[in-house]
There are 2 protein chains.
Amino acid sequence: MDDQLVEAKRHFVEGISRISNFWGFPKAMGALFAVIYLSPTPSTLDEMVVEVGVSKGAVSTNIRSLERLGMVHKKLVVGDRKDYYLAETDFWKIVKGILREREKNEFDKALQSVGESLELVEATPAHEESQQTQAFYKERMTALKQFFDSLDNVVATLLAIDDIKNSVLKGLFNR
Amino acid sequence: MDDQLVEAKRHFVEGISRISNFWGFPKAMGALFAVIYLSPTPSTLDEMVVEVGVSKGAVSTNIRSLERLGMVHKKLVVGDRKDYYLAETDFWKIVKGILREREKNEFDKALQSVGESLELVEATPAHEESQQTQAFYKERMTALKQFFDSLDNVVATLLAIDDIKNSVLKGLFNR
DNA sequence: TACTTTGTTTAGTTTAAACTAAACGTTCAA
DNA sequence: TTGAACGTTTAGTTTAAACTAAACAAAGTA
């Protein structure tokens with residue numbers, strides 16, 4: 001293939017790897033997505049081992065992460081035991097999927113513990129000597145909780161807007 | 001101090017540490033912010049060493065990260081060589097600051113390389129045998145670039161809306 | 001039944017981030 | 001001018017994530 005295209009692909013894969021890394025994912029995971037995304041035909045595990053240059057095990061685990069995020073899709077071919085993978089090309093869909101899934105993950109557990117801390121403070125019987133501290137904690141924790149709740153609302157609103165676009169309007173105008 | 005308040009604080013600090021960790025920052029950095037945020041008086045380095053339970057060096061480097069993100073502010077007291085730190089309590093301001101700073105960081109360098117890859121593809125002279133590949137790369141890279149540009153626009157819009165709120169309206173109604 | 005071909009899991013290794021302890025530079029006070 | 005009180009930097013260590021190699025399980029094929 002044309003050298004310049006090979007170079008363009010290499011550069012692209014490297015860029016996506018860096019983005020992956022920036023968001024706290026393994027570099028190999030980004031590289032993997034980039035390779036699948038730039039492949040005109042569905043990719044197999046062994047192809048990816050060659051393309052990305054990591055072990056079979058690493059491809060196997062990373063591809064599962066990508067699938068969980070909805071960034072790639074497994075495509076099964078009848079009479080063929082290989083797994084084929086395709087890239088999701090609707091990036092907004094990926095983002096929305098991740099936002100929708102967030103309740104289940106570590107992130108919301110953490111947010112919850114802010115709420116729990118606040119409840120603890122509020123449930124504390126007022127003691128003469130620690131009353132000021134209690135009031136201060138309450139104020140600060142409430143402020144942070146409100147911020148998180150607002151963030152939640154922003155996200156929920158964005159998702160709702162998108163839902164309307166996709167259901168109501170599609171229904172109205174029949175696509 | 002009241003045991004229950006101590007426990008509430010501990011729980012809060014742990015929660016923020018986990019959030020910090022989730023976003024790819026050191027856990028100690030989150031703990032540090034939480035401690036400062038819950039302190040009614042400005043915090044000094046040595047206090048934080050005790051409160052968070054890490055070394056002076058770790059506090060020093062982590063506090064600098066927090067400052068860079070605009071999450072804490074150094075407060076100098078005349079006739080006192082200690083540095084005092086206060087927490088930023090306007091979280092939207094923190095978020096906006098981070099969004100505004102993002103051009104300078106690793107993230108945008110990565111986005112740029114997607115654009116560069118596309119340019120490489122477009123600058124490739126059309127060869128008979130690789131023409132289809134070239135067209136495919138161009139299509140995929142363009143789609144991704146457009147997504148990134150849209151994201152950029154969303155962010156820019158949000159920032160602009162906020163600027164209007166803060167300047168025009170404030171001016172009109174004189175706060 | 002044994003052998004291939006596939007993807008997954010596991011035990012151990014590598015690597016990079018975050019930490020500690022201690023040296024250091026600076027500033028002020030005595 | 002020495003020493004104490006700071007915050008920062010550095011050299012080395014610890015720790016956790018991500019990887020490799022290889023064993024493995026499943027499912028088909030000869």
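- B/Ser130 and A/Asp2 make their closest contact through OG-CB, 3.7 Å (heavy atoms, listed as atom of the first residue, atom of the second, distance).
- Applying the side chain to side chain donor-acceptor pair (under 3.5 Å) criterion to A/Glu7, with sequence neighbours excluded, gives A/Arg10.
- Closest of all the heavy-atom pairs between A/Glu47 and A/Pro42 is OE1-O, 4.0 Å.
- B/Asp90 pairs by the side chain to side chain contact (heavy atoms under 4.5 Å, CB included) definition with B/Glu88, B/Trp92, B/Lys93, not counting sequence neighbours.
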Side chains of residues 49-61 of chain A: which donor-acceptor partners sit under 3.5 Å, not counting sequence neighbours?
{"unit_1": "A/Glu51", "atom_1": "OE1", "unit_2": "A/Lys9", "atom_2": "NZ", "d": "3.0"}
{"unit_1": "A/Ser55", "atom_1": "OG", "unit_2": "A/Ala58", "atom_2": "N", "d": "3.3"}
{"unit_1": "A/Thr61", "atom_1": "OG1", "unit_2": "A/Gly57", "atom_2": "O", "d": "3.4"}
{"unit_1": "A/Thr61", "atom_1": "OG1", "unit_2": "A/Ala58", "atom_2": "O", "d": "3.1"}

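- Put simply, chain A comes within 4.0 Å of DNA chain C, heavy atom to any atom, from C/dT5 to C/dT9, going 5' to 3'.
- Within the structure, the ring-ring contact (aromatic ring centres under 6.0 Å, His included) test picks out no pair touching residues 66-89 of chain A (sequence neighbours left out).
- Rounding to whole angstrom units, CD1 of residue B/Ile63 and P of D/dG7 are separated by 10 Å.
- The number of heavy atoms from other shown groups lying within 6.0 Å of CD (B/Glu67) is above 12.
- Using a 4.0 Å heavy-atom criterion, one finds that A/Val54 contacts the sugar-phosphate atoms exclusively.
- A residue-by-residue look at B/Val59 and A/Lys56 shows that A/Lys56 has its nearest nucleotide of DNA chain C further toward the 5' end.
- For DNA chain D, the residues of residues 71-87 of chain B within the heavy-atom distance limit of 4.0 Å (strictly under) are B/Arg81, B/Lys82, B/Asp83, sorted by number.
- End-to-end axis angle for the helix from C/dT1-D/dA30 to C/dA30-D/dT1, using five pairs per end and rounding to 10°, comes out at 20°.
- Sorted by first and then second residue, the pairs that involve residues 26-58 of chain B and meet ring-ring contact (aromatic ring centres under 6.0 Å, His included), not counting sequence neighbours, are B/Phe33-B/Tyr37, B/Tyr37-B/Phe91.
- Between B/Arg140 and A/Leu38, the shortest heavy-atom distance links the atoms CB-CD2, 4.0 Å.
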Check against side-chain contact (heavy atoms from CB on, under 4.5 Å), B/Ile98 and B/Leu69 | CA-CA 6 Å; B/Ile98 292 171; B/Leu69 293 175; 4.1 Å; yes
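- Scored by the side chain to side chain donor-acceptor pair (under 3.5 Å) test, B/Asp149 finds B/Lys145 as partners (sequence neighbours excluded).
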All N/O donor-acceptor pairs, side-chain side in residues 14-26 of chain B, below 3.5 Å, sequence neighbours left out:
{"unit_1": "B/Ser17", "atom_1": "OG", "unit_2": "B/Val13", "atom_2": "O", "d": "2.8"}
{"unit_1": "B/Arg18", "atom_1": "NE", "unit_2": "A/Glu106", "atom_2": "OE2", "d": "2.9"}
{"unit_1": "B/Arg18", "atom_1": "NH2", "unit_2": "A/Glu106", "atom_2": "OE2", "d": "2.9"}
{"unit_1": "B/Ser20", "atom_1": "OG", "unit_2": "B/Pro26", "atom_2": "O", "d": "2.7"}
{"unit_1": "B/Ser20", "atom_1": "OG", "unit_2": "B/Gly30", "atom_2": "N", "d": "3.4"}

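- DNA chain D lies under 4.0 Å from at least one heavy atom of each of the following residues of residues 11-49 of chain B: B/Leu45.
- Every residue two or more places apart in sequence or in another chain was checked for a side chain to side chain donor-acceptor pair (under 3.5 Å) with B/Lys82, and none qualifies.
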